[in-house]
Amino acid sequence: MFKKILIANRGEIACRVAETARRLGIRTVAVYSDADANAKHVHACDEAVPLGGLAAKDSYLQWQRILEAAQATGAQAVHPGYGFLSENEDFARACAEAGLVFIGPPPEAIAAMGSKSAAKALMEKAGVPLVPGYHGDDNDPNFLAGQAERIGYPVLIKASAGGGGRGMRRVDRAEDFAGALASCQREAQASFGDDHVLVERYVTKPRHIEIQVFGDSQGDCVYLFERDCSVQRRHQKVLEEAPAPGMSEARRAEMGAAAVAAAKAVGYVGAGTVEFIAEEVGDGDLRFFFMEMNTRLQVEHPVTEAITGHDLVEWQLRVAAGQPLPLKQEELKIHGHSIEARICAENPDANFLPATGTLAVLRWPREHVTFRRNADAERFHEPAPVRVDAGVREGDAISPYYDSMIAKLIVWGENRAQALARLDAALRDTHIVGLSTNVAFLRRVVGSQSFATADLDTALIERERAVLFDAPGLPLHVAAAGVVAQAMGAEAALEDADPWSRRDGWRIHGGARRRFDLQQGQVHHVATLERLHDGALRLAMGPDSWPLVARSLGGDRYDVTLGNERHTLAVYLQGERVAVFGAAASLELQEFDPIAHAGEVAGGAGRLTAPMPGKVIAIHVRPGDTVTPGQALAVMEAMKMEHTLSAPRAGTVAEVLYAVGDQVAEGGELLRLSE
Ligand code: ADP
Ligand code: ADP
Ligand code: MG
């Protein structure tokens, strides 16, 4: 086994690899960009080498520097994690030339699966079923439009070199084909440096089911069952689970065999995933087609670890060190059910726009047990009910340079119902303040009728729209009660006195009154707390009022009773901002200073500003153009995705302040409208 390895990645996956290495007594070397000088993964490793740079291309993709770091520190092998260099055959080859073991498949296997088009041609030969489509070399727009006609609409245009759900366009009508193709190729060129595309039938209501495979250098290959990753947004996974609900033993064996055949066709060694798209064909039976093979460890590998009881990173290290696979196919078994939720910095209500900012509060569910597994591979070890794989700590920032995933929450249960209940509770107890996240959205997905009944397909989020988006937050008066409880609790702590019997400046005539000015978005609210002569409290807002009883539960938690409603609230105060989390929802408010805001004028919405830092990739209007509300004005690329910015209102373009190719800071004014 290796004595020291270098981890050529960042975030949760770098921490994850370091944890197994530590358990196995392998020393670890981290690399880091300027943005990550104090990142969690740097501290998770024994040594760390700076790469410089901020953007991935200037840091984690600088493989010359990474190889030098490995050599300088005496590392024997390099673990690429996922993303970055993990599927870069040149890097795998360069490792070998530098005398380092690449912890992944041979470069030839990466190359064979690197292009979705070429992989499909190869799989066709190996007898693995494919989605009907065109995956040849001819990329002439007219020819491809003809192929789309032949396949029949809707079709999907996909970047051959694509990944992470980028470089994909669904096209429903022939007249939209040319525009979608151009946009897809532009994104493909920008993201992957290769604009080659394929066109295939768009399968409506498909399930994404993938098989985990593992090969060793002795030529053995096994499958560690399936994961259902059908719950997606923007073709990216949101929830993943194992096993796939409704999968029959026969279908599982058939898909497993097809995946092993795919891996063997390219001489696969190490961890890999064969992704299939599956379509129901009556009686709940599934027809499946090969989609692509990811020649690396997958983001959602923890659900497979949970149901098999095996540490896949340990398997990767063993196989890379030349050892045989620890188990034979017939020794692998499924235990219980596991679900993973990807917690991302994004705003689901704004079409999942990625967010950046500081994780002012980052609290995980209490049962959090870090990943630990017995080296004894023969027995199944019941996994932790809740596992959190995070690459960040409270106070860290989510920067615009890398992807928007904050952490993964993984639950295990004896069956799906138990796993579901645990995930709901774990999401309820995950409190993040400082930037938008999808935590509340995930909880609504988990609680939706479709997910609860395992009616899974990639259209689930669309189908459940009504209950998933723009959901009501915590009722204002409940949040206000939380603010009041927190304020009084904080004062009590300061003076070390009983919060409910103290005397202070806001006491008048034996009774007492205190005013709280709160702001929710642009709306100003006043809450008044009154102490009656018998010492009881009453909270009033507008025409309503409630008897209030509040008690500190320690930490940031309060037990609050408003009339007949009783709530356990977590309240986090950050400067003027206060975030209140209840059992069903949360609400963020701001303390409002009425004096500071006197005379404020409402700003006209004639400015179009960048919602996040990024690059301008298209501007659709010129000064003098008249625009209608919602009209697309510009396209920005940020966090590896394209975002269309539309007109906030009608008007005439007065000024365009940036040009295509320019980098814009968050809040930067792109253009100005006049009446
Ligand atoms: P996986 O196939 O391992 O489940 P995905 O398909 O979601 O992962 O993503 C594929 C690749 O894209 C991964 O290597 C990952 O690093 C990267 N990726 C994942 N999420 C994002 C994101 N939000 N933005 C950009 N890249 C991402
Ligand atoms: P990536 O490399 O970005 O992961 P994939 O080829 O794996 O690209 O596709 C990502 C997702 O897009 C799939 O999980 C699936 O939801 C959807 N998708 C891919 N191909 C099709 C198709 N032919 N029809 C419908 N949806 C598809
Ligand atoms: Mg994929």
Side-chain angles (χ1 to χ4, degrees), residues 82-84 86-88 110 113-123 128-135 144 147-148 150-172 180 184 187-188 190-192 194 196-213 226-241 244 255 259 262 271-280 286-301 340 342 352 403 405 456-463 640-642:
Y82 54 72
F84 297 136
S86 61
E87 294 178 280
N88 185 320
I110 301 178
M113 292 296 183
S115 156
K116 291 189 206 290
S117 310
K120 285 190 174 171
L122 196 72
M123 289 303 109
V128 179
L130 301 183
V131 185
Y134 175 76
H135 48 258
L144 289 178
Q147 288 300 316
R150 176 184 65 81
I151 296 161
Y153 285 95
V155 297
L156 190 67
I157 310 174
K158 251 191 216 185
S160 297
R166 284 161 289 139
M168 240 184 267
R169 297 289 184 278
R170 173 188 169 151
V171 192
D172 291 301
C184 183
E187 189 172 300
S191 304
F192 314 111
D194 175 355
H196 189 271
V197 299
L198 61 92
V199 181
E200 64 188 23
R201 176 164 78 83
Y202 186 88
V203 183
T204 38
K205 284 197 70 177
R207 283 173 74 177
H208 173 120
I209 298 179
E210 57 185 35
I211 307 285
Q212 175 72 55
V213 294
E226 76 281 1
R227 295 181 285 257
D228 188 313
C229 314
S230 300
V231 183
Q232 302 184 344
R233 54 108 177 80
R234 292 183 155 178
H235 304 300
Q236 268 187 306
K237 298 156 187 167
V238 172
L239 291 169
E240 301 110 335
E241 60 184 297
M255 290 182 79
T273 293
V274 183
E275 297 191 330
F276 294 99
I277 192 160
E279 200 173 22
E280 259 182 40
L286 291 170
R287 179 161 61 157
F288 61 92
F289 309 103
F290 171 83
M291 201 154 44
E292 64 164 343
M293 179 167 185
N294 292 326
T295 53
R296 54 173 162 87
L297 192 67
Q298 201 95 335
V299 174
E300 58 275 21
H301 75 277
E340 172 180 281
R342 294 192 192 194
F352 301 98
D403 78 49
M405 199 164 77
L456 304 174
D457 59 75
T458 61
L460 186 145
I461 288 177
E462 199 46 46
R463 175 163 73 247
K640 303 184 198 159
M641 291 201 197
E642 284 192 10

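For ligands, and for the atoms within them, numbers begin at 1 and follow the listed sequence.
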Partner of Glu279 under salt bridge (charged side-chain N to carboxylate O under 4.0 Å, His left out), chosen from Lys205, Arg207, Arg201: Arg201
Qualifying residue for salt bridge (charged side-chain N to carboxylate O under 4.0 Å, His left out) with Glu275, from Lys237, Arg227, Lys116: Lys237
Contact check: [X] vs ligand 2, nitrogen or oxygen atoms, below 3.5 angstrom:
X: Gly164; value: yes
X: Glu275; value: yes
X: Val203; value: yes
X: Arg166; value: no

Atoms of ligand 2, numbered as shown, that sit under 4.0 Å from any heavy atom of [X]:
X: Glu200; answer: 20 (N), 21 (C), 22 (C), 23 (N)
X: His208; answer: 13 (C), 14 (O)
X: Glu292; answer: 1 (P), 2 (O), 4 (O), 5 (P), 7 (O), 8 (O)
X: Gly165; answer: 1 (P), 3 (O)
X: Gln232; answer: 11 (C), 13 (C), 14 (O), 15 (C), 16 (O)
X: Gly162; answer: 2 (O)

Part of [X] within contact of ligand 2 (heavy atoms, under 4.0 Å):
X: Gln236; answer: neither
X: Ile277; answer: side chain
X: Arg170; answer: neither

Residues Lys158 and Glu200 bridged, charged N to O under 4.0 Å: yes
Just so I know, are the side chains of [X] and [Y] near enough to count as touching, which here means a heavy-atom distance under 4.5 Å?
X: Asn294; Y: Glu87; result: yes
X: Arg166; Y: Gln236; result: no
X: Val299; Y: Glu340; result: yes
X: Phe290; Y: Leu130; result: yes
X: Glu210; Y: Gln298; result: yes
X: Glu240; Y: Arg342; result: yes

Which residues share a salt bridge (charged side-chain N to carboxylate O under 4.0 Å, His left out) with Glu462, sequence neighbours left out: Arg465
Set of salt bridge (charged side-chain N to carboxylate O under 4.0 Å, His left out) partners for Arg463, sequence neighbours left out: Asp455, Asp457
Under 2.8 Å: N/O/S of Glu292 next to the Mg ion (ligand 3): yes
Nearest to the Mg ion (ligand 3) - the N/O/S atom of Glu275, by atom name: OE1
Identity of the nearest option to atom 18 (N) of ligand 2, non-hydrogen atoms only, from Leu156, Leu130, Val131, Ile151: Leu156
Residue-ligand contact Met168/ligand 2, heavy atom below 4.0 Å: yes
Heavy-atom gap Lys237 to ligand 2 smaller than 4.0 Å: no
